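One-based numbering, in listed order, for ligands and for the atoms of each. Only a predicted model underlies this, so the values are computations on that prediction, with no experimental measurement involved.
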Amino acid sequence: MAAKLDQGPPNYKEMLPPVILENYGKWKYHEIPRPGVLKHVSETGATMHSVRVASPRLVSIDFVRDLCVIADEYCEGFLRFTTRNNVEFLVGDEAKLNPLLAELEAKGYCVGGTGASISNIIHTQGWVHCHTPATDASGVVKAVMDDLYEYFDSMKLPAKLKMGLACCLNMCGSTHCSDIGIVGVHRTPPRIDHDKIRKGTEIPSLVASCPTGAIRPDPKNKSVIVNNDKCMYCGNCYTMSPAMEIYDAKNDGIAILIGGKVSNARSAPSFSRMVIPFLPNNAPRWPETTKAIRDIIELWIANAHKGERLGEWVERIGWERFFSLSGLPFSDMLIDDYIFARETFRTGAAFKY
Ligand code: SF4
Ligand code: SF4
């Protein structure tokens with residue numbers, strides 16, 4: 001029999017718990033009775049609790065089976081994953097809520113990630129599976145979340161704090177629009193393997209892949225030349241051709257960006273901006289990165305108004321004030337020098353000494 005193709009994903013409505021199906025589009029309000037637990041109330045009077053549990057995103061089938069056993073016991077077999085890769089157990093029968101929470105605690109699951117908390121870090125493949133990373137994803141995320149766990153299972157921040165990690169400037173995920181973005185960066189130019197270029201690289205596409213025009217064709221050698229003075233180590237040429245290897249164990253590391261957001265609440269969505277150009281890849285616990293992130297978060301907690309996202313706080317006090325309060329060194333590395341840089345320069349006389 002021919003395989004069934006192009007059938008798309010299964011209809012999500014086939015996997016909804018009865019209480020959600022019956023009250024679809026009728027939910028009136030929700031509240032957060034405790035960190036990690038949301039209570040949804042419908043116009044019909046029906047209620048449902050969702051219990052949010054952390055997941056490392058990269059999980060084994062055994063982990064998924066364990067989740068299914070819990071969902072069978074307390075949630076009529078239903079659960080869902082959130083857009084930040086947390087797991088939500090969907091509890092239609094309120095009598096099962098406390099037994100579920102007790103079981104989760106006994107089994108070591110972390111309940112949290114709601115309201116003014118640090119929820120899961122959106123992240124990427126890192127050294128586990130990608131060929132272009134400048135840092136790891138799972139390792140850094142584990143180190144950072146271990147350090148900041150107190151903010152996952154509580155709601156004591158000024159506002160929610162979203163973090164994203166991307167292991168290269170492709171920025172798969174959300175680092176460009178997160179309160180805190182952790183991004184893998186290179187600091188050395190690509191090493192050209194001319195033989196490999198001759199054997200299989202489409203040279204015009206390789207030349208066109210460089211955002212600064214640092215690569216030009218070398219027809220005599222049937223290869224390319226890189227102007228190292230123009231290269232800013234983005235690694236895009238290596239994505240285009242395996243002949244442009246760029247990873248460098250000693251010089252690769254992490255840049256920290258802050259102040260991005262996606263929601264339109266209170267202020268417009270914004271991009272995150274670099275505040276730390278380089279931290280070393282100090283595996284397996286990345287102490288410099290975890291400390292830098294904690295310091296920024298604690299400064300925000302100590303100074304922000306209630307409800308103020310990290311970027312909103314920095315915009316209110318001014319970036320120069322952020323740098324003086326944080327003690328982070330401001331260097332020319334942080335001044336935009338790409339095509340549209342002018343928009344980021346100060347064009348007014350208002351600033352604080
Ligand atoms: S961010 Fe870069 S290195 Fe990480 S998964 Fe995406 S393409 Fe690969
Ligand atoms: S690393 Fe980026 S800037 Fe440098 S040559 Fe390759 S594409 Fe161009």
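The ligand atoms of ligand 2 that sit less than 4.0 angstrom from a heavy atom of Cys234 are 1 (S), 2 (Fe), 3 (S), 7 (S). Close contacts of ligand 2 with Cys231, meaning ligand atoms under 4.0 Å from a residue heavy atom, involve 1 (S), 3 (S), 4 (Fe), 5 (S). Close contacts of ligand 2 with Ile246, meaning ligand atoms under 4.0 Å from a residue heavy atom, involve 1 (S). Atoms of ligand 2 lying under 4.0 Å from at least one heavy atom of Gly235, given by number and element, are 1 (S), 2 (Fe). Taking a cut-off of under 4.0 Å to the non-hydrogen atoms of Thr212, the atoms of ligand 2 that pass are 3 (S). Close approach of ligand 2 to Ile215 (heavy-atom distance below 4.0 Å) involves ligand atoms 5 (S). With ligand atoms numbered from 1 in the order given, ligand 1 contributes 5 (S) to contacts under 4.0 Å with heavy atoms of Gln125.
The closest protein non-hydrogen atom to atom 7 (S) of ligand 1 is Asn170 ND2, 3.3 Å. Of the protein's non-hydrogen atoms, the one nearest atom 3 (S) of ligand 2 is Met232 N, 3.5 Å. At the top of the distance list for atom 8 (Fe) of ligand 2, counting protein heavy atoms only, stands Cys210 SG, 2.3 Å. The protein atom (non-hydrogen) at minimum distance from atom 6 (Fe) of ligand 1 is Cys172 SG, 2.3 Å.
Counting heavy atoms closer than 4.0 Å to ligand 1, residue Cys130 contributes side-chain atoms (C-beta onward) but none from N, CA, C or O. When heavy-atom distances to ligand 1 are checked against a 4.0 Å cut-off, Thr124 comes that close only through its side chain, counted from C-beta outward. Contact annotation for Tyr233 and ligand 2: only backbone heavy atoms (N, CA, C, O) come within less than 4.0 Å of the ligand.
Taking 4.5 Å as the limit, some side-chain heavy atom of Asn170 sits within range of a side-chain heavy atom of Asn236. Side-chain contact between Arg346 and Glu320 is present, with heavy atoms from C-beta onward closer than 4.5 Å. The side-chain heavy atoms of Trp313 and Asn303, taken from C-beta on, include a pair separated by under 4.5 Å.
Using a 4.0 Å heavy-atom cutoff, Pro189 is absent from the residues neighbouring ligand 2.
Of all heavy-atom pairs spanning Gly36 and Thr114, the tightest one is N-OG1, 2.8 Å. When all heavy atoms of Glu150 and Asp147 are compared, the pair lying nearest together is OE2-O, 4.2 Å. Pairing each heavy atom of Pro133 with each of Cys168, the nearest pair is CA-CB, 4.3 Å.
When distances to atom 6 (Fe) of ligand 1 are checked against a cut-off of 2.8 Å, Cys167 contributes no N, O or S atom below that limit.
Grouped by direct or indirect side-chain proximity (heavy atoms under 4.5 Å, Ile/Leu/Val/Met/Phe/Trp/Tyr only), Phe63 sits with Val37, Val51, Val53, Val59, Val64, Leu67, Ile70, Tyr74, Leu79, Phe81, Val87, Phe89, Val91, Leu97, Leu100, Leu101, Leu104, Tyr109, Val111.
Linking ILVMFWY residues whenever their side-chain heavy atoms come closer than 4.5 Å, directly or via other members, places Ile254 and Leu334 in the same cluster.
To the nearest 0.5 angstrom, Ile118 atom CD1 is 14.0 Å from Met155 atom CE.
Nearest residue to atom 2 (Fe) of ligand 1 from Ala166, Pro133, Cys168 is Cys168 (criterion: closest heavy atom).
For Tyr247 and His131, the distance between ring centers is not under 6.0 angstrom.
Between Ser267 and Lys261, the side chains place a donor N or O and an acceptor N or O closer than 3.5 Å (distance only, hydrogens not considered).
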